[in-house]
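Indexing begins at 1, ligand by ligand and atom by atom, following the structure's order. Predicted, not measured: the structure shown is a model, and the values here were computed from it. Sequence positions, counted from 1, serve as the residue numbers for this chain.
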Amino acid sequence: MGARPQFIKAAALSRAIAATHAGPQAIQEKILHTGQHFDAAMSDQFFVELGIPEPAFHLGIGGGSHGANTGRMLEAIEAVLLAEQPDALLVYGDTDSTLAGALAASKLKIPVLHVEAGLRSFNRHQPEEQNRVLTDHLADLCFAPTNTAVAHLQREGIAKERIVRTGDVMADAARIFGELAEARAAELLGSGILQGLIGAEQPFLLATIHRAENTDDPARLEAILTALGQAPLPVLLPLHPRTRARIAEHGLEPLLGKLTLIEPLGFLAMLLLERRAALVVTDSGGVQKEAFLQGTPCVTVRGETEWVELLKCGWNRLADPADPAAMLTAMEQQLGLDPLQQRPPLYGDGYAAEAIVVRLQQL
Ligand code: UDP
């Protein structure tokens, strides 16, 4: 693993793996951190707050281009695998770390297990789409979170016995850490800015923007910041380091005047804010689902989403990230969503990690 969303998925699964230590079929887990996200706000705080075991290996590879990172990781992961000879390598999601791990292990004939398999945006230029398609085809077992994901894998010819529908470990994370977050709400929201917004019980909009297709295109980033600046509610924007860097590079600081910018949040604070927000606006995969799981409507500023079931049930709506008027219309529409609207159990029962562990014990 190497990136923020992977730490959160690992937090759910590592607990279930640790729970096997009391029984006859204990699984030993060793974590390899590639270093893709390396600073305290994007990495360390998740290990501490979510109780993820310390990585046994830390490659310190990050900050380069996709090709350079993936190549360096491939070589370094291979060395670790050769030394450790694990029974399997488990990878999460769709980052360069995921692909490098899957490729290194599969060349060494070490079984590859892919958590969050079968997602498709059908946008072949997206780095995440390239990583996830290749990883699914290298994987010996594809742990698919939804029926849609299972259908994608089958359509691509992946054999039935390599596909396991498990539910979504992000639903596990929301279940486990949502309770903890509520219990610690006063402490988590105690700091000045958050207390000011939430303590006043003023409706607010929570936004996250970090996808390369939005941040690296100056016109798109400008359009998104313009729309957020005109949003019908005060906007709280925890800033991903890439977005912060691109705003500075593209000279877009003047558009930030009306937004409340904060450092990236820990997961518990993030869950709480998703729950308390009147609306979430995002280009994140994980945040779309979390908003739904917390009962908050969402606008996704992308041309497509992997989580299509949320569009069907109305809890999420896509808006063109190049068009401020379209984004504002979508915000108004989602703010009108009936909060009692049904939330079907799309992502499983919150025990996907246990289902994955059962399968691991059969390896
Ligand atoms: N997240 C967080 N703090 C933040 C922003 C996001 O803990 O300031 C969490 C969020 O709750 C979700 C995960 O990070 O679980 C999503 O990661 P990200 O948006 O970076 O990646 P994606 O899901 O798009 O792959």
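Proximity annotation for atom 4 (C) of ligand 1: of R302, K289, R4, R4 comes nearest, heavy atoms only.
Among protein heavy atoms, the minimum distance from atom 13 (C) of ligand 1 is reached at I8 CD1, 3.6 Å. In terms of protein heavy-atom proximity, atom 24 (O) of ligand 1 is closest to G285 N, 2.8 Å. Ranking protein heavy atoms by distance to atom 8 (O) of ligand 1, first place goes to L265 N, 2.8 Å. The protein heavy-atom contact nearest to atom 19 (O) of ligand 1 is S284 OG, 2.7 Å. Looking from atom 23 (O) of ligand 1 to the surrounding protein, the closest heavy atom is G286 N, 2.7 Å. Protein heavy atom nearest atom 11 (O) of ligand 1, with residue, atom name and distance: E290 OE1, 2.6 Å.
Between the side chains of E274 and T296, not a single donor N or O lies within less than 3.5 Å of an accepting N or O.
The two residues S97 and G2 come nearest to each other via the heavy atoms OG-CA, 3.9 Å.
Checked against a 6.0 Å centroid threshold, the rings of F47 and H33 count as neighbours.
No more than 12 heavy atoms of other residues, nucleotides or ligands sit less than 6.0 Å from atom CD of E75.
The atoms of ligand 1 that sit less than 4.0 Å from any heavy atom of E274 are 11 (O).
Only the side chain of R211 comes within contact range of ligand 1, with a heavy atom under 4.0 Å; no backbone atom does.
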